[in-house]
Amino acid sequence: MRTQVGIIGAGPAGLLLAHLLRLRGIESVVLETRSREEIEATIRAGVLEQGTVDLLNESGVGERMRREGQRHEGVILRFGGQSHRLHLAELTGGRSIMVYAQHEVIRDLVKARLDAGGQLLFGVKDVSLLDLDTKLPKLRFHDSDGAVREITCDYIAGCDGFHGVSRPSIPSRVRKEFERVYPFGWFGILVEGPPATEELIYAYHERGFALVSTRSPQIQRLYLQCNPNNRVEDWPDARIWEELHTRLAGSDGWRLADGRIFQKGVVAMRSFVVEPMQYGRLFLAGDAAHIVPPTGAKGLNLAVADVRVLARALAAFYGTGQTALLERYSEDALRRVWRAEHFSWWMTSMLHRFHDESPFHHRLQLSQLQYVTGSRSAATMLAENYVGLPFDKD
Ligand code: RFL
Ligand code: PHB
């Protein structure tokens, strides 16, 4: 088989890249280890930045998001028993976020791909990357029938997430990795019932962080800081509700309503970046190249920003033969990556309890929270990062 761009992974990065390339007349093949049902059912992110929303709309895959997604113009920080609202739109000249689940974005992109007759192979195994430092790199794999297949490509995009094969295919001598693992995780639940609030609540409490988010008028998404080694069995429903009520309690009368919990899971918290994000004819995008803790709601949005830069660079190559943008891909993508890394680390540090934390540290965190909710310039700093800084100009 022969294609222009071989894409490994049908997450947001791989699927959106394939879509943006098709709009520019560039052909690609997407390889995915899991089934369509699995990728469309995996529960992950919920918050889309303004730029992500705009890009999905402009590229013609935003129709269901516009109908079913929920636009939020504000976000709430809760501490000391009180809620403090940041008016995102007012602080950022009208920008906002969209709450629309990642698996819905995946469904929209898979549908767009298949409707357009694009190649998307599910259930592949043992993908290996060959000849990356030549002009004709190859992908070898077993297809879903177990047959060995090989695709010769001009370029390969490694969009296979944090545990994929692309990043380790870059020789370790040219790879520099930066990492921080946090001493806590998030326990996430899905709950049946109406929304508890109109906007997301990020809560800081002596017992730890809690987050109230939503998925739809009937389904709510809640998280609480937990021990990273916790298992689902450690958290029976009664313990979850008790902890959420304690962490979200306040003197303002607002109270979270209980509901039926129908899904539970533990999320690890990590910051990670690999530099450079390219090697020979391989380009990494999304979680394959970087991870942020979810407190800033940035992971999916960064994946989108990466493939926007990569699609533009590939379009320049196929349009004019120029490789300047491809050569600069890593440098261009990493500017936004490090901004999101800093913001996500900062939000995480401000909103979580650290086990070795002293009362001094706790007071500093409260002071920081008072400052970002009390000072317009500090609030603007949070808001403009949260809704997403504008993309670099084309
Ligand atoms: P993905 O989504 O991991 O997709 C990678 C795909 O590659 C496949 N794959 C392979 N395919 C072929 N061959 C191989 N060898 C392969 N190995 C893996 C996998 O099956 C998979 O389908 O990476 P991508 O596309 O880079 O997208 C990144 C996002 O998924 C991720 O950053 C976000 O989910 C992070 N995140 C959030 N991001 C936001 O922007 N806003 C949020 O509100 C937000 N909340 C979250 C989050 C992540 C969370 N978890 C579970 C870590 C909340 C949570 C709880
Ligand atoms: C979610 O709804 O899953 C969600 C929202 C905000 C975050 C992380 C996750 O910061």
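All ligand and atom numbering here is 1-based and tracks the order in the structure. Residue numbers start at 1 and run along the sequence shown.
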Going by the order shown, which atoms of ligand 1 are within less than 4.0 Å of some heavy atom of Ile8? 12 (C), 13 (N)
4.0 Å heavy-atom contact, Arg44 with ligand 2: yes
Min heavy-atom dist Trp186 to ligand 1 below 4.0 Å: no
Between His362 and Tyr204 (judged by ring centroids, cut-off 6.0 Å), do the two rings come close enough to count as a pair? yes
Starting from atom 8 (C) of ligand 2, which protein heavy atom do you reach first, and at what distance in Å? Pro294 O, 3.4 Å
Who gets closest to atom 28 (C) of ligand 1 by heavy atom: Ile7, Leu300, Asp287? Asp287
Nearest heavy atom to atom 2 (O) of ligand 2, choosing from Ser213, Ser344, Gly46, belongs to Ser213
Regarding Asp237 and Lys264, does a basic nitrogen lie under 4.0 Å from an acidic carboxylate oxygen? yes
Shortest protein heavy-atom distance from atom 5 (C) of ligand 2, along with the residue and atom involved: Val47 CG2, 3.6 Å
Specify the protein heavy atom at minimum distance from atom 29 (C) of ligand 1: its residue, its atom name, and the distance to 0.1 Å. Gln102 NE2, 3.7 Å
For Gly164, atoms of ligand 1 separated by under 4.0 Å from a heavy atom: 17 (N)
Taking non-hydrogen atoms only, is Cys159 closer than 4.0 angstrom to ligand 1 via side chain, backbone, both or neither? backbone
Measure Phe162 to ligand 1 on non-hydrogen atoms and call it side chain, backbone, both or neither using the 4.0 Å cut-off. neither
What atoms of ligand 1 come closer than 4.0 angstrom to any heavy atom of Ala13? 25 (O), 26 (O)
Just which atoms of ligand 1 are under 4.0 Å from any heavy atom in Leu31? 11 (N), 12 (C)
For atom 21 (C) of ligand 1, which protein heavy atom lies nearest, and how many Å away is it? Glu32 OE1, 3.5 Å
Students should be able to answer this: which protein heavy-atom is nearest to atom 1 (P) of ligand 1, and at what distance? Arg44 NH1, 3.6 Å
Which residue supplies the protein heavy atom nearest to atom 6 (C) of ligand 2, what is that atom called, and how far is it? Tyr202 OH, 3.2 Å
Taking only residues two or more places apart in sequence, or in another chain, which ones meet Ser128 in a side-chain hydrogen bond (donor to acceptor under 3.5 Å, both in side chains)? none
Residue selection (non-hydrogen contact nearest atom 55 (C) of ligand 1) among Val267, Asp126, Leu16: Val267
Salt bridge or not between Glu242 and Arg239? Use side-chain N to carboxylate O under 4.0 Å. no
My understanding is that we take every heavy atom of each candidate and find the minimum distance to atom 36 (N) of ligand 1. Doing that for Ala45, Pro168, Ser35, which one comes out nearest? Ala45
Nearest heavy atom to atom 27 (O) of ligand 1: which of Gly11, Pro12, Gly265 does it belong to? Pro12
